[in-house]
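Okay, structure first, notes after.
Chain letters run A, B, ... following the sequence lines, proteins first, then strands; residues in each count from 1. Computed from heavy atoms alone, side chains included, the values below leave out hydrogens, waters and symmetry copies. Small disclaimer: the values here were computed from a predicted structure and weren't measured.
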Amino acid sequence: MIPTTWAVMLSAALLVVGVLGIMLNRSALRILISIELVLNASNINFVAFAQHWGQSDGLTYTLFSIALAAAEAAVGLAILIHLYRHMQTVDADAATALRW
Amino acid sequence: MIGEQIFFVIVSATVLGGGLWAAFAKRTFHAALGLGITLIGVAGIYILLNAPLIGILQVLVYVGGILTILVFAVMFVAGDEEEEKLPSRERVWARRVGIAVPIVLFSALAAAVLAAEPWGLDPVGGAEDIDAIATDLFREHVVAFEVLGILLTAAMIGSLVIARPLVAGMDRDVYPTADKAGLAKSQASSELGALFPLQSMDRSLAEHEDTFGGEEE
């Protein structure tokens with residue numbers, strides 16, 4: 001059996017990679033990709049602890065989380081395409097219309 | 001037993017490598033491919049953690065759905081623009097922060113994990129029981145399940161509304177490589193115009209250029 005700690009460490013590493021991607025990229029598309037990495041990191045934790053304690057709750061929550069990620073990606077990409085139509089760029093630093 | 005653990009390490013390396021590629025690849029399309037590697041690797045992790053159902057759903061939903069629309073979006077949104085370089089003083093600071101943040105964040109997380117190490121109870125294992133998941137999903141969490149269905153419907157309709165061109169012919173400016181004459185002709189004769197009231201409103205292309213053309217600074 002795989003030690004739970006290993007899976008949690010993998011999740012932590014993936015979270016760090018995702019957070020770095022969110023921080024260092026300026027393209028909104030890259031930021032969305034990095035958000036997917038972070039969501040996957042959280043799902044690994046859910047599954048790891050579901051396996052550790054023999055409870056199926058974590059697996060159920062993972063299913064919810066995957067569905068939510070799908071909704072998030074759909075809306076996020078639609079907003080991105082709209083942004084590109086308006087500004088001919090997806091640079092997150094350029095989209096300042098709603099910024100105070 | 002030990003083979004399982006060796007396999008876990010290999011798959012973990014794949015996941016992290018794909019993740020790094022996804023976050024820092026030179027081109028956005030390569031980043032999408034890196035994300036694909038990570039997602040498939042995470043599905044492998046789920047299977048190694050005795051949750052093959054979740055692994056299969058991961059491949060179906062993430063790789064089959066999310067990654068596909070992501071690739072479509074990459075192709076719509078086009079060029080990898082050259083990012084303008086920061087001034088050199090800021091670049092030095094950016095590099096320092098970029099090195100410090102992952103180290104600090106990961107060591108904080110690792111310390112927390114190791115501090116909580118025994119995790120309270122002894123491992124039981126064998127969580128994957130499709131009957132139990134079904135009971136959870138359709139009995140205990142049935143309200144959340146239905147709400148999720150509503151949310152997905154709303155997200156689908158919402159993204160359709162958001163991504164729709166506001167004005168007929170709007171995309172001609174955005175995608176100049178498209179055959180303009182052919183596009184105009186096909187839009188004039190399009191029966192879709194009747195279905196989308198915004199497009200058939202009396203806003204001409206010239207007016208649209210006034211509205212949106214002046215905003216780019």
Side-chain angles (χ1 to χ4, degrees), chain A residues 1-2 4-10 12-21 23-27 29-30 33-34 36-37 40 44 47-48 50-60 62-64 66-67 69-71 73-75 77-82 84-91, chain B residues 4-5 8 12 15-16 19-20 22-23 28 31-32 35 38 42 45-46 48-51 54 57-58 61 65-66 69-70 73-74 76-77 81 83 98 102 105-106 109-110 113 117 119 121 123-127 129 132-133 136-137 141 144 148 151-152 155-156 158-159 162-163 170 174 212:
Chain A
M1 210 169 85
I2 287 147
T4 309
T5 311
W6 292 16
V8 179
M9 282 296 183
L10 170 67
L14 197 58
L15 172 83
V16 170
V17 171
V19 168
L20 262 190
M23 283 171 57
L24 296 183
N25 282 310
R26 268 182 282 178
S27 155
L29 204 54
R30 297 292 195 89
I33 290 175
S34 304
E36 299 297 336
L37 295 180
N40 268 282
I44 291 177
V47 174
Q51 184 236 18
H52 186 83
W53 282 313
Q55 294 283 319
S56 62
D57 286 357
L59 302 180
T60 314
T62 309
L63 292 182
F64 284 137
I66 289 177
V75 176
L77 290 170
I79 292 173
L80 247 169
I81 288 176
H82 199 79
Y84 186 71
R85 282 211 181 97
H86 271 278
M87 310 191 52
Q88 273 76 59
T89 178
V90 288
D91 190 337
Chain B
E4 213 180 10
Q5 295 182 352
F8 181 86
S12 297
V15 166
L16 289 178
L20 283 171
T28 310
L35 181 68
T38 305
V42 170
I45 297 282
Y46 293 157
L48 282 172
L49 288 171
N50 297 324
I54 309 289
L57 281 171
Q58 163 95 358
V61 176
I66 295 178
I69 54 170
L70 203 68
V74 169
F76 270 122
V77 164
E81 302 132 34
E83 289 189 346
L105 191 56
F106 186 75
L109 286 170
V113 167
E117 165 81 64
W119 308 118
L121 296 170
V124 183
D129 178 6
I133 294 177
D136 267 3
L137 206 54
H141 300 297
L148 195 63
L151 178 104
L152 281 172
M156 199 171 68
S159 41
I162 292 171
M170 186 173 170
V174 184
F212 294 104

Go through the atoms of [X] and report whether side chain, backbone, both or neither lie under 4.5 Å from a heavy atom of chain A.
X: B:Leu148; answer: side chain
X: B:Val42; answer: side chain
X: B:Ser12; answer: both

Problem set entry | Non-neighbouring partners of A:Ser34 that pass side-chain hydrogen bond (donor to acceptor under 3.5 Å, both in side chains), sequence neighbours left out |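 With neighbours one apart ignored, the set is empty.
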Side-chain heavy atoms of [X] within contact of [Y], under 4.5 Å:
X: B:Thr38; Y: A:Leu14; result: yes
X: A:Glu36; Y: B:Leu70; result: no
X: B:Phe76; Y: A:Arg85; result: no
X: B:Leu137; Y: A:Phe64; result: yes

What is the distance from atom [atom1] of [X] to atom [atom2] of [Y], rounded to the nearest 0.5 Å?
X: A:Gln51; Y: B:Leu48; atom1: CD; atom2: CG; answer: 10.0 Å
X: B:Gln58; Y: A:Asn40; atom1: CD; atom2: CG; answer: 4.5 Å
X: B:Thr28; Y: A:Leu29; atom1: OG1; atom2: CG; answer: 6.0 Å
X: A:Leu59; Y: B:Tyr46; atom1: CG; atom2: OH; answer: 10.0 Å
X: A:Leu63; Y: B:Ile133; atom1: CG; atom2: CD1; answer: 6.0 Å
X: A:Trp6; Y: B:Phe8; atom1: CH2; atom2: CZ; answer: 7.5 Å

Quick one: what part of [X] sits under 4.5 Å from any heavy atom of chain B, side chain, backbone, both or neither?
X: A:Ile33; value: both
X: A:Ile44; value: both
X: A:Met23; value: side chain
X: A:Thr5; value: both

For this session: State, to 0.1 Å, how close A:Ala13 and B:Leu16 come at their nearest heavy-atom pair, and which atoms those are.
Result: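 Closest pair (atom of A:Ala13, atom of B:Leu16, distance): CB-CD2, 3.7 Å.
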Exercise. In terms of heavy-atom pairs under 4.5 Å, which option from B:Ala163, B:Ala144, B:Ala32 contacts chain A the most?
Worked result: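 Winner by heavy-atom pair count: B:Ala163.
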Exercise. Out of B:Pro102, B:Gly65, B:Gly98, B:Ala110, which one racks up the most heavy-atom pairs below 4.5 Å with chain A?
Worked result: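 When all of B:Pro102, B:Gly65, B:Gly98, B:Ala110 are compared, B:Pro102 has the most.
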